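Since the model is a prediction, treat every value here as computed from it, not as a measurement.
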Amino acid sequence: MIYRRLFDFPTWRVRSPFEELAQMRRQMDRLFEDAATPYQRALAGVFPLINLTEDKDNYYVRAELPGVKADELDIQATANNIAISGERKIAAEVEGARYHRREREAGNFSRMIGLPGDINPDKVEASLENGILTVVVSKAEAAKPKQITVKS
Amino acid sequence: MADTQSKELKVREKQELTSPAEQTTPGLVFTPAVDIFETDKEITLLADIPGVNADDLTIDLRDNTLTLSTSLASVENKNEEEILVEYETGRYYRQFTLGELVSQENIDAKLSDGVLRLTLPKIEKATPKKIAVKSG
């Protein structure tokens, strides 16, 4: 890098060995980007899995949390982050029950979601319906798109 | 079963149905995670089916085969643009074979917070009648 800064014109350009590495890394990145499209799946690998959508005014964070009660959830908002944590409990069943299948799991979870733009932490609403958590996050005024009229 | 304390939940991707049994409608089909346990009196089934309304759920029992299916769940607002998609939504489908006879009239199904609780009472077996053979 320092070479380029010293002799910063095309004919004198010295290729540093690191540049090739950097180029390779860019190519690899592109390769993985292609593989991940159209959806970037399971990026964080942290429970719960999140679907994030947006419209003009809000971001919508959705997660599937079957069996989680509203009061067992803790949602916090900062400048452009939403933190979701809680516990999924599976109640004890009757004594002497013989289990054939036990696939549902209980445990703690905690996840931080970075939103692509600034938000208004005072205007965050969360609802839990049929086991799906929806957090509606209002975008900060500065992050909302403004309609600009073209004068003729 | 006691509550499992201080255990971190791991991400588990939804299981897509592997054997496409007569799929005639578009969309993905998932296999819900279930707990099944039985006592002397009844069989209880718990299934995680987030996003399903009670109206969209069909429970069918015939010839010892219990079928759980839902119609397309949770279509999100179309005006929203996707930024990140980690889980997909679709229908749920799963079949179970019951080992014992179940009283069909008394099946009880409850859906709360995306968890279905199905109680299937067993039919009481007719107590065998002892026939005394008289000698004579």
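- For Leu65(A), the part sitting under 4.5 Å from any heavy atom of chain B is the backbone (N, CA, C, O) and nothing else.
- Residues Ile43(B) and Arg98(A) have side chains not in contact (no heavy-atom distance under 4.5 Å, counting atoms from C-beta outward).
- Checked options Leu52(A), Asn58(A), Asn51(A), Thr53(A); the residue passing with Glu80(B) is Thr53(A) (criterion: side chain to side chain contact (heavy atoms under 4.5 Å, CB included)).
- Residue Glu8(B) comes nearest to Phe109(A) through the heavy atom pair OE1-CA, 4.4 Å, listed as atom of the first residue, atom of the second, then distance.
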Apply side-chain contact (heavy atoms from CB on, under 4.5 Å) to residues Arg88(A) and Leu9(B) and explain how you reach the verdict. CA-CA 8 Å; Arg88(A) 186 180 179 205; Leu9(B) 272 172; 3.9 Å; yes
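- By the neighbour-count criterion of 12 heavy atoms within 6.0 Å, atom CG of Asp40(B) is sparsely surrounded, having that number or fewer from other residues, nucleotides or ligands.
- The two residues Asp55(A) and Asn79(B) come nearest to each other via the heavy atoms CB-O, 4.1 Å.
- Residues Asn53(B) and Asn130(A) share a closest heavy-atom pair of OD1-ND2, 2.6 Å.
- In this structure, no portion of Leu128(A) lies under 4.5 Å from any heavy atom of chain B.
- Under the 4.5 Å side-chain contact rule for hydrophobic residues, Leu28(B) and Val52(B) share a cluster.
- Note that the CD atom of Glu64(A) and the CD atom of Glu88(B) stand 10.5 Å from one another [nearest 0.5 Å].
- For Leu46(B), the parts sitting under 4.5 Å from any heavy atom of chain A are the backbone and the side chain alike.
- Across all their heavy atoms, Asp48(B) and Arg104(A) have their closest contact at OD1-NE, 2.7 Å.
- Glu105(A) contributes atom CD, which lies 10.0 Å from atom CG of Asp35(B) (distance to the nearest 0.5 angstrom).
- The heavy-atom pair separating Ala33(B) from Glu103(A) by the smallest distance is CA-OE1, 3.3 Å.
- Options Gly96(A), Pro48(A), Ala63(A) differ in how many heavy-atom pairs under 4.5 Å they form with chain B, and the most are formed by Ala63(A).
- Between chain B and the residues Arg101(A), Lys69(A), Lys56(A), the most heavy-atom pairs under 4.5 angstrom are made by Arg101(A).
- In this structure, Glu72(A) places its CD atom where more than 12 heavy-atom neighbours from other residues, nucleotides or ligands lie under 6.0 Å away.
- For Lys123(A), the NZ atom is loosely surrounded, since the number of other residues' heavy atoms within 6.0 Å does not exceed 12.
- Contacts of Val68(A) with chain B are made by backbone atoms alone, with heavy-atom separations under 4.5 Å and no side-chain atom involved.
- Considering all non-hydrogen atoms of both residues, Gly114(B) and Pro66(A) come closest at O-CB, 3.6 Å.
- Heavy atoms from other residues, nucleotides or ligands lying under 6.0 Å from NZ of Lys146(A) number more than 12.
- Glu129(A) contributes atom CD, which lies 11.0 Å from atom CG of Asp113(B) (distance to the nearest 0.5 angstrom).
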